Amino acid sequence: LRTVSARLRGSQPGPEASIRKVLADEHGQHVMNLARDLIGPAAMLSGSVGSMGSAGSGGLDDPSWRYGFLFAPALTVGGGTGEVQRNIIAERGLGLPHDTDAHAGLTWSEAQRGG
């Protein structure tokens with residue numbers, strides 16, 4: 001809600017956006033792995049129909065689960081990896097020091113203050 005509220009006010013979202021991304025992406029991968037395990041070997045076959053109902057029914061045999069499983073790892077890369085997001089949380093949310101900028105020789109907080 002904070003992220004949406006910030007965007008509606010026209011400001012940039014804070015570190016809570018990074019927290020949401022880390023939690024949601026990792027949770028999504030766990031859900032997709034569970035779905036793959038429940039579907040069984042058919043989870044690796046695009047377009048196959050399992051024994052739990054008809055394709056498109058929204059059940060575990062729905063092809064969207066298979067595509068979701070295959071796409072889930074991409075979510076942790078797009079928009080910044082979990083490690084990058086954790087660095088943002090540590091630096092901007094917790095105020096921990098940043099690695100020195102190799103070009104300017106300044107930490108993130110020093111660069112934000114203008115040196």
Side-chain angles (χ1 to χ4, degrees):
L1 186 55
R2 288 181 186 174
T3 302
V4 172
S5 298
R7 295 303 297 159
L8 289 174
R9 288 190 310 270
S11 60
Q12 292 296 317
E16 62 272 0
S18 294
I19 295 169
R20 187 220 47 86
K21 181 170 175 19
V22 168
L23 294 175
D25 290 350
E26 291 178 359
H27 176 70
Q29 282 190 347
H30 291 298
V31 168
M32 289 301 160
N33 284 336
L34 175 63
R36 181 204 57 207
D37 292 345
L38 292 172
I39 294 170
M44 299 296 115
L45 303 174
S46 177
S48 67
V49 177
S51 60
M52 296 183 170
S54 60
S57 66
L60 286 176
D61 59 338
D62 191 308
S64 61
W65 284 106
R66 291 171 192 81
Y67 298 123
F69 168 71
L70 294 173
F71 187 70
L75 295 175
T76 59
V77 177
T81 65
E83 290 78 13
V84 169
Q85 297 301 324
R86 285 178 176 86
N87 282 341
I88 292 170
I89 295 164
E91 295 164 10
R92 299 180 188 171
L94 302 174
L96 297 176
H98 179 66
D99 290 333
T100 303
D101 183 340
H103 298 291
L106 302 172
T107 65
W108 181 85
S109 59
E110 290 170 339
Q112 294 302 308
R113 290 191 303 258

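Since the structure is predicted, the reported quantities are computational estimates derived from the model, not experimental observations.
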Asks: Would you mind reporting whether S5 and L1 have side-chain heavy atoms less than 4.5 Å apart?
Replies: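 Heavy-atom side-chain distance check passes, below 4.5 Å.
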Asks: Once you round to the nearest 0.5 Å, how far does NE2 of H27 lie from CE of M32?
Replies: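 Answer rounded to 0.5 Å: 9.5 Å.
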Asks: Looking at every heavy atom in both I88 and S18, which two are closest together, and how far apart are they?
Replies: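 I88 and S18 have their closest heavy atoms at CG2-OG, 3.3 Å.
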Asks: P15 and G93: which non-hydrogen atoms are nearest, and at how many Å?
Replies: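 The pair with the smallest heavy-atom distance is CG-CA, 3.6 Å.
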Asks: As an exercise, state the distance from CG of L23 to CD of E16, rounded to the nearest 0.5 Å.
Replies: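 Rounded to the nearest 0.5 Å, the CG-CD separation comes to 12.5 Å.
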Asks: State, yes or no, whether a side-chain contact exists between L34 and H30 at a heavy-atom distance under 4.5 Å.
Replies: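 No; the side chains remain at least 4.5 Å from each other.
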Asks: Should V31 and F69 be counted in the same cluster of Ile, Leu, Val, Met, Phe, Trp and Tyr side chains packed under 4.5 Å apart?
Replies: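 Result: yes, single cluster for both.
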Asks: Could you list the cluster mates of L8? Members are the ILVMFWY residues connected by side-chain heavy atoms closer than 4.5 Å, either directly or through other members.
Replies: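 Same cluster as L8: V4.
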Asks: According to side-chain hydrogen bond (donor to acceptor under 3.5 Å, both in side chains), who are the partners of D25, at least two apart in sequence or on a separate chain?
Replies: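 D25 satisfies side-chain hydrogen bond (donor to acceptor under 3.5 Å, both in side chains) with K21 only.
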Asks: Run the side-chain hydrogen bond (donor to acceptor under 3.5 Å, both in side chains) test against R7 and tell me which residues pass, sequence neighbours left out.
Replies: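 R7: no side-chain hydrogen bond (donor to acceptor under 3.5 Å, both in side chains) contacts found.
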